[in-house]
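Note sheet for the following structure.
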Number of protein chains: 2
Amino acid sequence: MFRIGDLAAQAGVSTRALRYYEEKGLLAAVRSTSGQRYYPESATERVRTIQHLYSAGLFSQGVATLLPCVDAQETSPEALAVLRTERERIDQQIRDLTATRNRLDEVIVIATVPGHCAAAPEVAPHATSR
Amino acid sequence: MFRIGDLAAQAGVSTRALRYYEEKGLLAAVRSTSGQRYYPESATERVRTIQHLYSAGLFSQGVATLLPCVDAQETSPEALAVLRTERERIDQQIRDLTATRNRLDEVIVIATVPGHCAAAPEVAPHATSR
DNA sequence: CTAAAACTTGACGCTGACGTCAAGGGCAAG
DNA sequence: CTTGCCCTTGACGTCAGCGTCAAGTTTTAG
C-alpha cells in the first residue's frame, strides 16, 4: 500500500493531481482512521491510464465514464456511446495532427535542402542512398 | 478586402478571435482612417493555418514563430529549431493518441463481440464473412 | 437624414487541470 | 518528548484562448 507521496513519485504526478482525481471520482483511496490515503499497487497503472485519457483530450467526466471499461471490462451501453464518440474524435485529431506534421516537414525540407522545388516532389526514381 | 465580420464568417471563427490574433501578432490588418480593419483575401487561408497550428497544441508564441515559415517560406535558424521541436512533439502526440485509440478499440471489441477472448487475438484465418 | 448594423477599445468572465500557499494533525526515529 | 517530514482540508491563483458586456463611433441601407 502506497501513501500519496509514494504513488505520486511512482506515477510521476503531483499529490495535488492525485487528490484532484479522487475529487473527480477517478481514483479511490483507502483511508486510515486518521484520514490518510492509502493506495494499492495497481493505482500506479490506473494513474497512467488516467493521464493517457487526459492527454487524449478527454475531460474528467469522460475519463470517469471510460475508466470502468478500460480496467474492469465492464461496459455499459452509455459508456459504449462515449467510447465510440471519443474514438472518432481521437481519430480525427490524429488525422489533423498528421496533416499539420506533414506541412511542418515540408517547411523543414524547404528550409534545409538548398535546391528546393515547390511544385515538383522530385522523389528519387527507385534507389535512394543507403 | 474583407471587413472583420466577413472574414470571421469566411473562416468560421469569431471576430473576437481575429482581434486576439492581431493582438498576438499573428494576423495583420490594414486600417481605414477611422480605425476599421480590412483584410486581404489571403487572410482566410492564414486564419485556417493559425487554427491548425493551435489545434496541434502550439501556443500563440509558437504560432507566431512558425507562421512566417509556413506561408512565406522564410525560415530563420531560430524558427527552424522551433519547427523541429514542435514536429517532434506532434509526432509523439500522434503516437500517444494512436496507442490510446487502439486501447479504446480493444475495449469496444470486447464490449461488442460476445465471445471475446482476451489473450488470443482469434483472427479469422483467411476468409471473413463478406 | 436617420435608423440599423457593423465596427472600435477596454475590461472582466469563463473553463479545466492543476499550482500554491496556509494552518494544522500524524507518525517514525533518536 | 521532540524534531522533522509527510499528511490533511480549504481556498485562492494561474494560464490560454477566447466569450461577453459596455459604451461609443462608423458605415450602410432605405
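In what follows, every chain begins at residue 1, and chains take the letters A, B, ... in the order their sequences are listed. Only this structure's heavy atoms are used, side chains among them; waters, hydrogens and symmetry mates stay out.
- Salt bridge annotation for B:Arg19-B:Glu22: absent, with no cationic side-chain nitrogen under 4.0 angstrom from a carboxylate oxygen.
- Look at A:Tyr20 and you won't find any side-chain N or O under 4.0 angstrom from OP1 or OP2 of C:dC18.
- For the pair A:Ser60 and C:dA17, the criterion of a side-chain N or O lying under 4.0 Å from OP1 or OP2 is met.
- B:Ile50 has its CD1 atom 11 Å from the P atom of D:dG17, to the nearest Å.
- To the nearest angstrom, C1' of C:dC18 lies 11 Å from CG of A:Leu18.
- Taking hydrophobic clusters as Ile, Leu, Val, Met, Phe, Trp and Tyr residues chained together by side-chain heavy-atom distances below 4.5 Å, A:Ile110 does not share a cluster with B:Val70.
- With hydrogens and angles left out, the side-chain atoms of B:Arg31 and B:Gln36 include no donor and acceptor closer than 3.5 Å.
- In the model, A:Gln92 has a side-chain atom that pairs as donor or acceptor with a side-chain atom of A:Arg95 under 3.5 Å.
- In this structure, A:Tyr54 atom OH and C:dG16 atom P are separated by 11 Å, rounded to whole Å.
- The stretch residues 2-17 of chain A touches DNA chain C through A:Ser14, A:Arg16, A:Ala17, each having a heavy atom under 4.0 angstrom from the strand.
- Rounded to an integer number of Å, the gap from CZ of A:Arg19 to C1' of C:dG19 is 12 Å.
- The interatomic distance linking B:Leu53 (CG) with D:dC18 (P) rounds to 12 Å, in whole Å.
- Listed in residue order, the members of residues 23-49 of chain A having a heavy atom less than 4.0 Å from DNA chain C are A:Ser34, A:Gln36.
- Separating the CG atom in A:Leu27 from the CG atom in A:Leu18 is a distance of 6.0 Å, to the nearest 0.5 Å.
- At the heavy-atom level, B:Leu58 lies under 4.0 Å from the strands shown only through sugar-phosphate atoms.
- In this structure, A:Tyr21 reaches the C:dC18 phosphate: one of its side-chain N or O atoms is under 4.0 Å from OP1 or OP2.
- Evaluation of the ring-ring contact (aromatic ring centres under 6.0 Å, His included) rule for A:Tyr21 yields A:Tyr54 as partners, not counting sequence neighbours.
- Side-chain contact between A:Arg37 and A:Val30 is absent, with no heavy-atom pair separated by less than 4.5 Å.
- Remark: of the listed residues A:Asp96, A:Thr98, A:Leu97, A:Thr98 is the sole one forming a side-chain contact (heavy atoms from CB on, under 4.5 Å) with A:Ile94.
- Comparing the end axes of the helix from C:dC1-D:dG30 to C:dG30-D:dC1, each fitted to five base pairs by superposing C1' atoms of four pairs onto the next four, gives an inter-axis angle of 10° (nearest 10 degrees).
- Within residues 61-68 of chain B, no residue has any heavy atom under 4.0 Å from DNA chain D.
- Atom CE of A:Met1 is separated from atom CG of A:Asp6 by 12.5 Å, given to the nearest 0.5 angstrom.
- At a threshold of 4.5 Å between side-chain heavy atoms, the hydrophobic network of Ile, Leu, Val, Met, Phe, Trp and Tyr places B:Leu66 and B:Leu80 in one connected group.
- To the nearest 0.5 Å, atom NE2 of residue B:His52 and atom CG of residue A:Leu104 are 12.0 Å apart.
- Between atom CZ of residue A:Arg48 and atom CD1 of residue A:Ile50 there is a gap of 12.0 Å, rounded to the nearest 0.5 Å.
- A:Arg103 pairs by the side chain to side chain donor-acceptor pair (under 3.5 Å) definition with nothing, not counting sequence neighbours.
- Note: the hydrophobic cluster containing B:Tyr38 does not contain B:Val47 (ILVMFWY, side chain heavy atoms under 4.5 Å, direct or indirect links).
- Between A:Phe59 atom CZ and C:dC14 atom P there is a gap of 17 Å when expressed in whole angstrom units.
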